[in-house]
Amino acid sequence: MSNLALKNNNLLKLVQGTVKKFIDPNAEVLSIESTPITMGLQAVELRRHIVLIKILDDTSKLSLVSKNATRIERQVLTRLYSQKASVPFSLSYGSEAEERSLICIQDVDYQTDYRNINKY
């Protein structure tokens with residue numbers, strides 16, 4: 001299996017796991033449309049995924065972000081979310097791995113209209 005196929009397979013499993021854990025355990029991922037996002041401050045690849053899901057007879061879309069995150073970042077996001085902090089949900093299957101590992105994060109920025117934000 002090529003690295004690209006392996007990466008896509010890992011991403012598919014991670015997106016499916018994220019949807020089932022945080023959206024609905026009965027949800028079925030129908031499709032994933034991925035696009036790159038501008039590199040973050042750590043210069044790691046960020047990708048936005050528009051995910052079409054089906055729950056019973058209803059279909060809907062949601063947006064998730066993936067990146068290769070450090071162990072500390074993965075653990076902090078998980079801990080804060082579990083403490084009901086105002087952070088996006090996230091899932092990674094490599095939470096104990098020391099090296100960077102793929103994480104799937106709720107995309108809270110996707111539908112933000114920055115032109116209409118009250119800055120004061």
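As the structure is a prediction and not an experimental result, all values here were calculated from the model.
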Exercise. Apply side chain to side chain contact (heavy atoms under 4.5 Å, CB included) to Lys13 and list each qualifying residue two or more places apart in sequence or on a separate chain.
Key: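 For Lys13 the side chain to side chain contact (heavy atoms under 4.5 Å, CB included) partners, ignoring immediate neighbours, are Asn9.
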
Practice problem: Could you tell me which residues satisfy side chain to side chain contact (heavy atoms under 4.5 Å, CB included) with Glu99, sequence neighbours excluded, listed by chain and number? | Solution: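 Here the qualifying residues are Ala97.
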
Quiz item: Stepwise, does the side chain to side chain contact (heavy atoms under 4.5 Å, CB included) test hold for Asn10 with Leu14?
Solution: CA-CA 6 Å; Asn10 288 339; Leu14 190 57; over 6 Å; no

Do you know the tightest heavy-atom contact between [X] and [Y]?
| X | Y | result |
| --- | --- | --- |
| Ser90 | Ile105 | CB-CG1, 4.1 Å |
| Leu64 | Val15 | CD1-CG1, 4.1 Å |
| Val19 | Ala27 | CG1-CB, 3.4 Å |

With rounding to the nearest 0.5 Å, note down the distance linking [atom1] in [X] to [atom2] in [Y].
| X | Y | atom1 | atom2 | result |
| --- | --- | --- | --- | --- |
| Thr35 | Arg47 | OG1 | CZ | 7.0 Å |
| Asn26 | Lys20 | CG | NZ | 7.0 Å |
| Leu30 | Lys54 | CG | NZ | 7.0 Å |
| Arg100 | Ser92 | CZ | OG | 12.0 Å |
| Glu28 | Leu56 | CD | CG | 11.0 Å |

Could you pull out all residues at least two apart from [X] that satisfy side chain to side chain donor-acceptor pair (under 3.5 Å)?
| X | value |
| --- | --- |
| Ser66 | His49 |
| Glu98 | Arg71 |
| Ser63 | Asp107 |

Quiz item: Is there a side-chain contact between Glu73 and Ile103 (heavy atoms, below 4.5 Å)?
Solution: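 No, too far: nothing below the 4.5 Å cut-off.
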
Quiz item: Between Leu11 and Ser34, is any pair of side-chain heavy atoms under 4.5 Å apart?
Solution: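 Touching, per the 4.5 Å side-chain cut-off.
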
Practice problem: Could you note down all residue pairs passing ring pair (Phe, Tyr, Trp, His ring centres under 6.0 Å) where residues 50-92 supplies at least one of them, sequence neighbours left out? | Solution: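 Only Phe22-Tyr81, Phe22-Phe89 qualify under ring pair (Phe, Tyr, Trp, His ring centres under 6.0 Å).
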
Self-check item: Name of the residue among Thr59, Ile23, Ile32 meeting side-chain contact (heavy atoms from CB on, under 4.5 Å) with Ile53
Solution: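 Single side-chain contact (heavy atoms from CB on, under 4.5 Å) partner of Ile53 among Thr59, Ile23, Ile32: Ile23.
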
Self-check item: ILVMFWY cluster, Leu12 and Val51 together (side-chain gap under 4.5 Å)
Solution: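 Same cluster.
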
